[in-house]
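First up is the structure itself, then whatever we jot down about it.
What you see is a predicted model, and the numbers here were worked out from it, not measured in a lab. In what follows, every chain begins at residue 1, and chains take the letters A, B, ... in the order their sequences are listed.
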Amino acid sequence: MESTRIAALLREGEAGDQVAVAGWVRTRRDSKQGFSFIELNDGSCMANLQIVVDADVPGYADVIGDVSTGASLRVAGELKESPGAKQRFELHAASLQLIGTADPETYPLQKKRHSFEFLREIAHLRSRTNTFGAIARVRNTVSRAIHDFFQSQGFLNIQTPIITTSDCEGAGEMFTVTTLLRESSVQNPVSGGGRDRTSLDTGHSTPDFANDFFGKRASLTVSGQLEAEIYATSLGPVYTFGPTFRAENSHTPRHLAEFWMVEPEVPFCDLEGDMQLAEQFIKSIVGVCLDECRDDMEFFNQRIEKTVLDTLHNILEHDFRHISYTEAMAIVTATDRDWEYPVTWGDNLQAEHERFLTEEHFRQPIIVFDYPRAIKPFYMYCNDDGKTVRAMDVLVPRVGEIIGGSQREHRLGQLDVRLEECGLDPAEYWWYRDLRRYGSVPHSGFGLGLERMLLLLTGMQNIRDVIPFPRTPNHAEF
RNA sequence: UCCCCUGUAGCUCAAUUGGUAGAGCGAGCGGCUGUUAACCGCUAGGUCGUAGGUUCGAGUCCUACCGGGGGAGCCA
């Protein structure tokens, strides 16, 4: 008999069905009177399936002792209404096949709750817990919802390069990609123990990238935006959705060295349209998750963060507040609160100010737009006031900045002014400038960090726990 | 990179002003039970992150290093 996923069985099964399931044991409770209860989980949903095994089931006495937490099982039998209060169905086993044991003396996962810090050290097993199973399912749903949202509106999915030689926007430290390193010239070439950083030993203080694989210095991408602009200004709305890399040495619950980013880019679109798109986009994802991941979302609301559902419904039911940077700064400086970092016009809004605005002052997502041009990158459209650019950040409660975007500077003359201001070499951006020389159009886009979206959706506090295998400084296990 | 907190049993944490290391959960064994965070009893399990130092005596105080967490910056 073919196995049925537990999610499908709980959704569509009926008492009397003959079914088989396969999964991993969460707990076992015995009655010496001659039967056992087994909680089986197969990852298809939050719920376990309760298995009832009578002692006269073939092989019972031989294997039941090894049916411990973490062991894998295949069970066939009849689905019955459960007299117990905590589940509708239970499976009365006719056959029981122990597939893989899990020594209780050494199996690290217990029935009790573990700290996320501990689970991070056993990332190869944490997906067997309720929390990480739920995160994986929600992450999957978000991923599909992202594609659905853009596909349904005619956006083209563009795969931008992961290896790049364009030093785009100079935003953030980049990881160098090189073949200049040879095993013989590397200290600690393999994963053996030592914590010394590998270092180039080319005989020169600076490696000669002209001799490198690509003939010039190459890096892992920090954004697909510039390449997305190429396709947006020829094929219409596009989006990228892929991994992004930042070699920043930042140690926070909101940063990863490797994360996933969604970046739409829309031609013939100004900042207003960009902000509308961002709002529709976020609401769409929130709505899909609430709709399709009810059990998982309920779990997050009960066990992880009791305000999650309220926050998400609040997002769906209200229009995002749009306020200019200048207004935001006025609000921040008008309060009589003692800021750790007092600011004036021209400064970046600090995290404490952003939190205040979205969590206390407006108590809902806000979009701050028209930032000072001195604190923003070269590619943003310059306003006529000469002081601001058409940039926007979407700030949400508990997470802070979840989206950053802008209308792009499509006027070649202005772009060159900004390249100059930012100390960048126009020759390096020759193809980017070409887009402004031939059929240039106003266009806009933004970037959304997938993991930050997941923080918002799940109520999890640490970004290392919403990606299966987090990469942060000193951490690239698994 | 800077600042703060922290490191004791498999896990989560205690240990009064420096005075011989404890609990709960988990695990093993036994008992009870249509059970479901099960319950009751017993047992095992720790060179207190590492290396120095102060002291008659250090889990406790000092220094360095390593690990974990948080805040800042940067950003998504």
For [X], report the nucleic acid contact type (base, sugar-phosphate, nothing); a contact means any heavy atom under 4.0 Å.
{"X": "A:Glu451", "answer": "nothing"}
{"X": "A:Ala85", "answer": "base"}
{"X": "A:Glu117", "answer": "sugar-phosphate"}
{"X": "A:Thr252", "answer": "base"}
{"X": "A:Gly84", "answer": "base"}
{"X": "A:Asp30", "answer": "base"}
{"X": "A:Glu121", "answer": "nothing"}
{"X": "A:Ser31", "answer": "base"}
{"X": "A:Tyr341", "answer": "sugar-phosphate"}
{"X": "A:Arg88", "answer": "nothing"}
{"X": "A:Phe118", "answer": "sugar-phosphate"}
{"X": "A:Pro108", "answer": "nothing"}
{"X": "A:Ile403", "answer": "sugar-phosphate"}

Proximal nucleotide (of [options]) relative to the [X] side chain:
{"X": "A:Gln87", "options": "B:rG67, B:rA76, B:rU35", "value": "B:rU35"}
{"X": "A:Pro104", "options": "B:rG26, B:rG28, B:rA76", "value": "B:rG28"}
{"X": "A:Arg246", "options": "B:rA72, B:rG34, B:rA76", "value": "B:rA76"}
{"X": "A:His114", "options": "B:rA72, B:rC11, B:rG34", "value": "B:rC11"}

If the cut-off is 4.0 Å, is [X] near the phosphate of [N], judged by side-chain N/O to OP1 or OP2?
{"X": "A:Ser250", "N": "B:rC74", "result": "no"}
{"X": "A:Arg113", "N": "B:rC25", "result": "no"}
{"X": "A:Asn249", "N": "B:rC2", "result": "no"}
{"X": "A:Asn348", "N": "B:rC75", "result": "yes"}
{"X": "A:Arg464", "N": "B:rG70", "result": "yes"}
{"X": "A:His475", "N": "B:rG68", "result": "yes"}
{"X": "A:Arg26", "N": "B:rA37", "result": "no"}
{"X": "A:Lys86", "N": "B:rA37", "result": "yes"}

Distance between the [atom1] atoms of [N] and [M], in whole angstroms?
{"N": "B:rG34", "M": "B:rG70", "atom1": "C1'", "value": "47 Å"}
{"N": "B:rU20", "M": "B:rC56", "atom1": "C1'", "value": "15 Å"}
{"N": "B:rU17", "M": "B:rA72", "atom1": "P", "value": "34 Å"}
{"N": "B:rA23", "M": "B:rG31", "atom1": "C1'", "value": "24 Å"}
{"N": "B:rC25", "M": "B:rG67", "atom1": "C1'", "value": "25 Å"}
{"N": "B:rC40", "M": "B:rG59", "atom1": "C1'", "value": "34 Å"}
{"N": "B:rC42", "M": "B:rG24", "atom1": "P", "value": "10 Å"}
{"N": "B:rU55", "M": "B:rG71", "atom1": "C1'", "value": "37 Å"}

Paired with [N] by Watson-Crick or G-U wobble geometry, both distances under 3.5 Å: which nucleotide is it?
{"N": "B:rA72", "answer": "B:rU1"}
{"N": "B:rU63", "answer": "B:rA51"}
{"N": "B:rC42", "answer": "B:rG28"}
{"N": "B:rA9", "answer": "none"}

With a 4.0 Å cut-off, would you call [X] and [Y] a salt bridge?
{"X": "A:Arg408", "Y": "A:Glu265", "result": "yes"}
{"X": "A:Asp296", "Y": "A:Arg294", "result": "no"}
{"X": "A:Arg452", "Y": "A:Glu401", "result": "no"}
{"X": "A:Glu352", "Y": "A:Arg355", "result": "no"}

Next item on the list: Report the distance from atom OG of A:Ser219 to atom CD1 of A:Ile162, rounding to the nearest 0.5 Å.
Entry: 13.5 Å

Next item on the list: Quick one: pull up CZ in A:Arg390 and CG in A:Asp270 and give me the separation to the nearest 0.5 Å.
Entry: 7.0 Å

Next item on the list: Map A:Leu448 and A:Phe37 onto RNA chain B by nearest heavy atom, then report which one ends up closer to the 5' terminus.
Entry: A:Phe37

Margin query: Using heavy-atom distances to pick each residue's nearest nucleotide on RNA chain B, tell me which of A:Arg120 and A:Ser82 is more 5'.
Written below: A:Ser82

Spacing of [X] atom [atom1] relative to [N] atom [atom2], expressed in whole Å:
{"X": "A:Ile463", "N": "B:rC75", "atom1": "CD1", "atom2": "P", "value": "16 Å"}
{"X": "A:Arg28", "N": "B:rA38", "atom1": "CZ", "atom2": "C1'", "value": "14 Å"}
{"X": "A:His255", "N": "B:rU1", "atom1": "NE2", "atom2": "P", "value": "16 Å"}
{"X": "A:Asp103", "N": "B:rG10", "atom1": "CG", "atom2": "P", "value": "15 Å"}
{"X": "A:Asp66", "N": "B:rG28", "atom1": "CG", "atom2": "P", "value": "11 Å"}
{"X": "A:Trp260", "N": "B:rC75", "atom1": "CH2", "atom2": "P", "value": "24 Å"}
{"X": "A:Glu352", "N": "B:rG70", "atom1": "CD", "atom2": "P", "value": "19 Å"}
{"X": "A:His251", "N": "B:rC4", "atom1": "NE2", "atom2": "C1'", "value": "14 Å"}

Check: Does A:Phe259 stack onto the base of B:rA76, taking stacking as ring centres under 5.5 Å apart and planes under 30° apart?
Finding: yes

Notebook entry, point to check: Under a 4.5 Å cut-off applied to non-hydrogen side-chain atoms, are A:Leu357 and A:Ile331 in contact?
Noted result: yes

base_contact_polar ([N] base, [X] side chain, donor-acceptor, <3.5 Å):
{"X": "A:Glu39", "N": "B:rU35", "answer": "no"}
{"X": "A:Arg254", "N": "B:rC74", "answer": "no"}
{"X": "A:Glu90", "N": "B:rG34", "answer": "yes"}
{"X": "A:Glu105", "N": "B:rG28", "answer": "no"}

Check: For residues A:His443 and A:Glu229, is any side-chain donor paired with an opposing acceptor at under 3.5 Å?
Finding: yes

Next item on the list: Mind telling me whether A:Trp339 and A:His353 have parallel, tilted or perpendicular rings, with 30° and 60° as the class edges?
Entry: perpendicular

Notebook entry, point to check: Do the ring centers of A:Phe281 and A:Phe150 come within less than 6.0 Å of each other?
Noted result: yes

